[in-house]
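Taking it in order: structure first as structure tokens, then the write-up.
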Amino acid sequence: MSEPGDNHQRALDRFLNEHPQVCAELDTLNPLAAQAKGETLAQYRAERLHEAFEAEAERQNLFAWELTLKLTAESNEAFEAQRREVHKEVAQMAGLSWDEYCQLHDLPG
């Protein structure tokens, strides 16, 4: 697993601050479980953190990258603008019209 970028790391830090139960679970992981997977405890912990982050994104009906934007944007308006811009880039790369893409991903047009 690659190291997260600065924005993603800030999002993970904020996520942990806002979800102390996840932090507590990560602090009590069994080192034997990490060993059984052939990972260090730090690697195992990072995987569990990313799983929890992705689960929270899914709970909010977001992609993980959207949750990263949401947790690092200066305002809700900035988040929505950044989110829309990235989605437009993805739609273009996928060769879809903006309307098709919005319909496919249940986004406002």
My understanding is that only residues two or more places apart in sequence, or in another chain, count here; which of them pass side chain to side chain contact (heavy atoms under 4.5 Å, CB included) with [X]?
| X | value |
| --- | --- |
| E80 | N76, R83 |
| A55 | none |
| Q92 | none |
| D27 | C23, R45 |

What is the distance from atom [atom1] of [X] to atom [atom2] of [Y], rounded to the nearest 0.5 Å?
| X | Y | atom1 | atom2 | value |
| --- | --- | --- | --- | --- |
| F79 | E66 | CZ | CD | 5.5 Å |
| N61 | L67 | CG | CG | 12.0 Å |
| L62 | L69 | CG | CG | 9.5 Å |

Which pair of heavy atoms, one from V22 and one from L16, lies closest together, and at what distance?
CG1-CD2, 4.0 Å
Please give me the minimum heavy-atom distance between A11 and T72, naming the atom from each residue.
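In this case the closest contact between A11 and T72 is N-CG2, 3.8 Å.
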Indicate, with yes or no, if M93 and V86 share a hydrophobic cluster defined by side-chain heavy-atom contacts under 4.5 Å among Ile, Leu, Val, Met, Phe, Trp and Tyr.
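Yes, because V86 and M93 connect within a single hydrophobic cluster, where side-chain heavy atoms sit under 4.5 Å apart.
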Please list all pairs passing the ring-ring contact (aromatic ring centres under 6.0 Å, His included) test where one or both residues lie in residues 9-35, with sequence neighbours left out.
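The answer is F15-H19, F15-F53.
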Taking the side chain as C-beta and beyond, is there a heavy-atom pair between Q43 and T40 under 4.5 Å?
yes
What salt bridge (Lys or Arg N to Asp or Glu O under 4.0 Å) pairs are there with at least one residue in residues 8-26, not counting sequence neighbours?
R14-E18
Residues two or more places apart in sequence or in another chain: which of them pass side-chain hydrogen bond (donor to acceptor under 3.5 Å, both in side chains) with E51?
R48
side-chain hydrogen bond (donor to acceptor under 3.5 Å, both in side chains) partners for K37, two or more places apart
E47
Count the heavy atoms belonging to other residues, nucleotides or ligands that lie under 6.0 Å from CD of Q35, then report whether that count exceeds 12.
no
Taking atom CD of Q21 as the centre, does the number of heavy atoms from other residues, nucleotides or ligands within less than 6.0 Å exceed 12?
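Atom CD in Q21 is packed in, count exceeds 12.
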Under 3.5 Å donor-acceptor pairs involving side-chain atoms of residues 97-109, not counting sequence neighbours:
unit_1: S97; atom_1: OG; unit_2: E100; atom_2: N; d: 3.0
unit_1: S97; atom_1: OG; unit_2: E100; atom_2: OE1; d: 3.2
unit_1: E100; atom_1: OE1; unit_2: S97; atom_2: N; d: 2.8
unit_1: Y101; atom_1: OH; unit_2: H87; atom_2: ND1; d: 2.7

Passes side chain to side chain contact (heavy atoms under 4.5 Å, CB included), Q82 versus K70? Steps please.
CA-CA 9 Å; Q82 291 170 355; K70 185 176 183 179; over 6 Å; no
Could you walk me through whether E85 and K88 pass the salt bridge (charged side-chain N to carboxylate O under 4.0 Å, His left out) check?
CA-CA 5 Å; E85 189 60 35; K88 282 186 174 184; 5.7 Å; no
